[in-house]
Amino acid sequence: MQEKGFVCPECKSELLMQDGLYTCRNCASEWRVKDGIPCFLKGDVPYWCELSAEEAVDLNRIAETKGWRKAAESCFTEKLQQFVMDENRINWKYFINSDTEGRILDAGSGWGTIAFALSEQCCSVYAFESVWERARFIRIRKEQDKVINLYPVCGNILKLPFPDNYFDVVILNGVLEWLGMSDRTYSPDKVQEAALRNIFRVLKPGGTLYIGIENALAYFYFFGKRDPHSGLRFATLMPRWMANIYSKLVKKREYSTYIYSLRGYRKILNNSGFKDINFYVPVPGYLKFKYLVPLEPFYIFRYWIDSILYEKLLFSPVLLRKFVFFVRLLLRCPFLRFSRNFVPDFGIIACKGNSI
Amino acid sequence: MKNRLSNIISDIHGQRRSEKLYPEDIYFALTRSRCGEILFVFIRGIKEPSYIFKISRYDNFKQLLKNEYDVLTKLNKLDFGYQASFPIPCWNGDIKGHHVLLETACTGRSLNEYICSAQDLGNKQDTIFSFVSGFLVDLYIKTKTENNQSSYVNGVLEGVDLYKKGQDLSYQEEENIKAFCTGIDVESCPVLLQHGDFSSWNIIYDKNIDKFSVLDWGYAAFKGFPLIDLLSFFLAWQAVISGYNKIKKSKTIHKSFMKNINRPLAGPSDFIEVFYEDNKNSRLVRKYINIYCTAVRIDIKHRELLFLIFILRHLYSSKNFLSIWLEKGAPLVLRELK
């Protein structure tokens, strides 16, 4: 099948393409190509972005006239600029068995950092994004950098417009927790599971899903750190019904940004069809990591804390060194292996089985 | 990518140990370095890494990896006695735009940890300095070649050219340096394998088997000068000690621990403290410089030239070091012990 093999997101039937319009043979749905980007969105879509809608429009206007780098310099904060330009965010690729040089879907591509970094090494990358201005920014950057194997697509992760068994790798980096907000008719966990089943569908047999996400039981939540998604303290540690009431009282909205524990992610991925699931700790965080360490076997995690982390922290303040020294002592106790359940973030690699 | 790397490991491990490894027996842990990525390779059932992949996609660092492979191949053919070892280079090649070097992992803890965990370094420091100077004497003896095309004076003049590429050097300062070289015979000198980044963070010690391992030979050069590595080591050692002393008094927790300096770079105060002051540490440095120079027969004038080359070519050189030398002249630690 040639590239841009879209299917109808509603009924998964073949699409006919004519004059910038995709039409479904089966249900007659129509999807327009706007500004060179196939757009598979219908109705209102929640907007979430580091910039406001007006700022995002300005960004793209500057990007088109003065170049995307200039636009990034003038519209992004310094931290966001570094984040957008950081090519090391794809270093999890060394842990993936599937063909990272094949066809890749970056679901929830954001400003396209990961997609552009991968485009240098693989056959084709689809940068899938639900926020229109972000997709436009990716398209502008693609044209200015002359990247021919990257395809921006605007759509909804719950209705992926791709055929079955299409991708070698799908990336879901900092996305899964927000999916509950995109369809309020169902509970967030059902929405997340539906998205994962959709991803399972579009993955080839033997294909891999990479998820970068927070841990609901991260140790700092026990000390009252706010959940960055809901803005609430201790919400990730509560039963969902309690967190929901708490959120309605404090934030006047439902609690829908679900994150899970290690066991929770394993369960939701198993329910979606994934079997071979491996967990890693990205340090300091999954958005920008310097280390990526497997949680199994446990002795690797312990070695890393004992040797590499301890050496790196030799010149940190005394309290931090004492904390790490304490953690090293804890890791010596076999029954305290569960300490790995309290790491800040996870990098999860889940494989689709080889049989169709 | 994991499949390709796992296949390489399986092949190499099979050749070295006659053991078959399957992909599910191999685990990676990733560290990012300034040169690229480092993958620690763990084999099922073995609690320490068995191999290390060094990977880079940047042209200048690819060259370092290729250089490291060549140097380690030659080094492993030499016998440095029971106490010194090096990683064994196993494989070297390109994978999809990345240059990849596979070498065996050495066991032990970095010397930095010994510096920082010991209440009083005392005898440990002596042991470590003794190993370092002994190892470098051995390196001199085993790798030196007589090279009629080089001399210490030429080394200074080349160092000046190199220095000017990164720092400002006034005409007067350049003249002062050249004046220092006047009257010294431009005689030939031996060249040898120089590590290029010889410091406590590139040496690990395994106390279980009483063995030091010297790592990271990417900056090594076969036409290097004697004494430079030793001076580099002492300066870096001082920087680590003073950095650690500063930080251990601090009680605040930084927001992001990754921003902490884990390799404090030497500053002017460290440079003066270790080479120019008269204190317990500098006396020890002087002792071992003398041991080294006596063993490899470097006289006082040549020591001073080599010190100047060290300043001009230092990996993390700053204008401060040269300014101190221009002001104070050759340091105390180079003088012979009576």
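Chain A is the first sequence line, chain B the second, and so forth, proteins listed ahead of strands; every chain is numbered from 1. These numbers come from a predicted model, not from an experiment.
Heavy-atom distances place no part of A/E120 under 4.5 Å from chain B, backbone and side chain included. Heavy atoms of B/F28 lying under 4.5 Å from chain A belong to its backbone as well as its side chain.
Panel note: side chain A/K352, backbone A/F200; a donor-acceptor pair is recorded below 3.5 Å. With B/S200 contributing its side chain and B/L111 its backbone, the two residues share no donor-acceptor pair below 3.5 Å.
Annotation: residues 45-61 of chain B contacts chain A through B/G45, B/I46, B/K47, B/E48, B/P49, B/I55, B/R57, B/Y58 [non-hydrogen atoms, separation under 4.5 Å].
The salt bridge (Lys or Arg N to Asp or Glu O under 4.0 Å) pairs that include a residue from residues 86-102 of chain B number zero, where partners must be two or more places apart or lie in different chains.
Contacts with chain A were tallied for B/E37, B/R4, B/R44; B/E37 has the most, counting heavy-atom pairs under 4.5 Å.
Applying the ring pair (Phe, Tyr, Trp, His ring centres under 6.0 Å) rule to A/Y286 yields no partners; only residues at least two apart in sequence or on another chain are considered. When the side-chain contact (heavy atoms from CB on, under 4.5 Å) test is applied to B/Y22, the partners found at least two apart in sequence or on another chain are B/K20, B/E24, B/D25.
Aromatic rings from B/F212 and B/F135 are positioned such that their centres are separated by 6.0 Å or more.
Note that OG1 of A/T113 and CG of A/L118 are 11.0 Å apart. Values are rounded to the nearest 0.5 Å.
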